[in-house]
Trainee: 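There's a structure below that I have some questions on.
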Amino acid sequence: MNLSLFWELLEARINQHHLLCHPFYKAWSAGELSREDLREYASDYYHHVPAFPAYLSALHARLEDGNVRRRKMSKQIIFRSAITAVLCFLIGRAAFAQKAEINGRITDSTGAVLVDAKISVTNLDTGIKRTAASNQEGYYTVGLLQRGDYSLTVEMQGFKPIVRSGIQLDVHQVARIDFVMEVGEVTQRVEVTADASPLNFENAERKDTVNPETIQTLPLLVSGTIRSAASFITLMPGVSTGGGASPFDARINGGLQTGDEAVVDGISMQEGLMSQSGMIAFSDYPISPESVSEVSILSSNYEPQYGSTTSAIITATTKSGTNEFHGGAHWFHRNTVLNARQFGVADRPKDLENDFGVDIGGPAKLPLLWSGSRKTYFFFNFTGFRIVGTLTKPVLSVPTLKMRSGDFGEWPFPIYDPATTKANPAFDPSQPVGPGNLQFVRNQFMGCDGKSPNVICATDPRLQGSIAKQWFQFVPEPNRPGVLNNYEAPAGSIDPRFKNSNSQVYRIDHYPGDKDHLSLIFRYRRTLPIIQSQLPREIATDNYRDPDWNIVTRVIWDRTFSPTLLNQVAFGFSNFRSTVVNITDCCISQVPAIAGVANHSHQPVLTFDQYASYGGNSGRAICLPGHGASTPLN
């Protein structure tokens, strides 16, 4: 394969699968791969991507026709690298103008349209003003508005000005407000106090919203995991969680469980090469309820730009500062003594949970950031979560003391010696194989005296040479009766993601003038390692994360070129970095290495029918970078 063909291949891979930060491409760029590596990668790609064989055939045809010409190596590398760099920023996840809009028509008392009427829309929280004018048909539009409370003023020579206040806008809301102006002096004024109609007159789009008042009134339960504002979507019409109550299992309007799309501050949360989004993304990037101003769902008839979903768009908007300083602190606590005892266990499991945090926002009245025409606002949120123990105790099955010495007399079913397998002389091949017609038979273990069913003789060399004792030294003894469900663990397994975590949210909104709005939003969460297991650490099946962090960045520029020309440029980047570490990695040398495996970097996993498993080998590293950019012109 020549280099030109390979670059065509790589561009196709980038366009089709968002190959933005692939380790292969990084290694190729650094000159660490040979031509043989290229051939191997291309071969693997050929066999695993269904559309690629046809694509490769087309490229070969182009080569034969002479439409693809060999270029000089240096020029080609520069050109292809430039294309790749542009693709890295411009393709990937979608970006959406996550703003509100006010529109309507202005007429006089006779129904005649009024042209060039001046419309001023003022954000009551920040004092930022936006202007527009009615067109030849009397219509006006003021777009790219932040969520918040607004007042609207309509003025025209020879007519009484109209001031309408109490307009509350949510994200994605298109408010239709018409005005009928009365003839009169400009010194007279008509004031109207009324909220915008919740009805959508512009299209058939269906949107449901959870506003800050609902978020504050209905605090989320601290129940074994960090609180996330995305959980409020279960309150929306058409949302089902199946047989459980987990928001992760949400299905919207009968769609697939993973068919929804997650959008934070106008940029999709699709996770890198895995292309995960929706509630999966909100699970990997939990959003503190105190850091968002709105959570909403676009569930039907939304615009074509939302094309990465089969069911709905879940959106979240970060809070922003206002003219007044606002702040708060919270602490949600859950304690063992306040919990009910789990059914079927002797004692309540230890469960200590703390969700705490602070937030503050307001004007940044600093030199270069604040003046007569220049305004800047900030918002900061910190949220921490700590947990010790679990909500429930697991009840496991462990071998009894007799079983560990080879005495399985307590087991109610026969146990046969595999070394005694032989052909069944009474087998009838003309009859179906079944309990009464077995092809092979074995002898039951009967002890040294031949009279003790299910007992392995103590002198059996297989028992004497068994390596099982090296695991049994860590297996706890039963603390409940019976041969099954006979061990009540002091604590259960715990999903280590985001359990002992700290998160920060920073937002800056800068208005250099009435025509521009710049927003910078940065979210960061770091999870501390938490080691907790249902079995002793030496044989535990659990794991922890170290390192474990994620970031979400948004840069947005809104520009009003004229009352009829608006533009927004948005860029977003996110990354979820997590390394899974087995708890048993600390104690690999304390158990035997199983011969024949590829390596012994982790403990072997031992699984048993009806009994607890031992060991773990799930260690891996995850990196899910993703980004998006857009510039919708209106």
Side-chain angles (χ1 to χ4, degrees), residues 14-15 17-22 25-26 81-100 143-147 171-172 261-277 281-282 284-285 287 291-294 303 305-309 313-321 376-379 504-512 515-525 549-561 565-577 623-634:
I14 291 173
N15 280 296
H17 298 281
H18 310 311
L19 183 65
L20 304 175
C21 300
H22 198 284
Y25 174 66
K26 292 181 180 179
S81 298
I83 290 178
T84 304
V86 172
L87 289 172
C88 281
F89 283 93
L90 295 184
I91 69 174
R93 302 171 307 152
F96 318 106
Q98 195 166 318
K99 305 290 183 178
L144 296 181
L145 297 175
Q146 298 286 105
R147 184 194 183 282
V171 172
H172 297 297
E261 172 82 358
V263 176
V264 173
D265 295 312
I267 303 289
S268 171
M269 290 297 294
Q270 191 176 92
E271 296 184 274
L273 297 177
M274 297 181 70
S275 298
Q276 296 180 151
S277 188
F282 281 125
D284 288 340
Y285 298 84
I287 297 180
S291 70
V292 296
S293 61
E294 178 182 313
E303 298 178 2
Q305 63 176 321
Y306 303 103
S308 300
T309 176
I313 310 294
I314 307 171
T315 64
T317 307
T318 303
K319 283 184 179 179
S320 58
T376 304
Y377 303 90
F378 76 93
F379 174 79
Q504 300 95 43
V505 178
Y506 304 87
R507 175 165 182 160
I508 297 292
D509 291 275
H510 180 60
Y511 297 85
K515 296 184 177 181
D516 295 282
H517 174 205
L518 301 172
S519 298
L520 174 61
I521 305 166
F522 180 75
R523 292 175 172 270
Y524 174 76
R525 184 182 298 277
W549 52 261
N550 62 46
I551 60 172
V552 178
T553 303
R554 300 287 185 261
V555 180
I556 306 170
W557 174 30
D558 299 331
R559 170 70 176 178
T560 303
F561 291 97
L565 183 62
L566 310 174
N567 188 44
Q568 181 188 87
V569 177
F571 171 78
F573 174 80
S574 63
N575 192 11
F576 176 38
R577 177 72 170 89
C623 183
L624 301 176
H627 45 73
S630 73
T631 173
L633 188 66
N634 301 305

Trainee: Within the side chain of N567, is there an N or O that forms a donor-acceptor pair under 3.5 Å with the backbone of F561?
Mentor: no
Trainee: Within this structure, what is the CG-CZ distance for the pair L565 and R559, rounded to the nearest 0.5 Å?
Mentor: 9.5 Å
Trainee: Taking all non-hydrogen atoms of both residues into account, name the closest pair between R507 and S320 and its distance.
Mentor: NE-CB, 3.7 Å
Trainee: Quick one: pull up CG in D558 and CG in L566 and give me the separation to the nearest 0.5 Å.
Mentor: 9.0 Å
Trainee: Search all heavy atoms of L144 against all heavy atoms of Q568 and return the closest pair with its distance.
Mentor: CD2-NE2, 4.0 Å
Trainee: So, taking the atom named CZ in R525 and the one named CD1 in I287, what distance separates them when rounded to the nearest 0.5 Å?
Mentor: 9.0 Å
Trainee: Going from CG on D265 to OG1 on T315, what distance comes out if it is rounded to the nearest 0.5 angstrom?
Mentor: 9.5 Å
Trainee: Which heavy atom of T317 sits nearest a heavy atom of V171, and at what distance?
Mentor: OG1-CG2, 3.2 Å
Trainee: Which is it for K319 and V505 under the side chain to side chain contact (heavy atoms under 4.5 Å, CB included) test, yes or no, and what are the steps along the way?
Mentor: CA-CA 10 Å; K319 283 184 179 179; V505 178; over 6 Å; no
Trainee: What pair of heavy atoms forms the shortest contact from S268 to R554, and how long is it?
Mentor: O-NH2, 3.9 Å
Trainee: So, taking the atom named CG in D509 and the one named NE2 in H517, what distance separates them when rounded to the nearest 0.5 Å?
Mentor: 3.5 Å
Trainee: Rounded to the nearest 0.5 Å, what separation is found between the CD1 atom of I556 and the CD1 atom of I267?
Mentor: 6.5 Å
Trainee: Closest approach of G321 and F379, non-hydrogen atoms and distance?
Mentor: N-CB, 4.1 Å
Trainee: With no hydrogens and no angle check, is any side-chain donor or acceptor of E294 less than 3.5 Å from a backbone partner on R147?
Mentor: no
Trainee: Decide yes or no on side chain to side chain contact (heavy atoms under 4.5 Å, CB included) for W549 and N575, but give the supporting numbers first.
Mentor: CA-CA 8 Å; W549 52 261; N575 192 11; 3.9 Å; yes
Trainee: Please walk me through it: do Y377 and Y511 pass side chain to side chain contact (heavy atoms under 4.5 Å, CB included)?
Mentor: CA-CA 9 Å; Y377 303 90; Y511 297 85; 3.9 Å; yes
Trainee: Between R523 and T318, is there a side-chain donor-acceptor contact under 3.5 Å, judged purely by atom types and distance?
Mentor: yes
Trainee: Ignoring hydrogens, what is the shortest heavy-atom contact between I551 and F573? Give both atom names and the distance.
Mentor: CD1-CE2, 3.8 Å
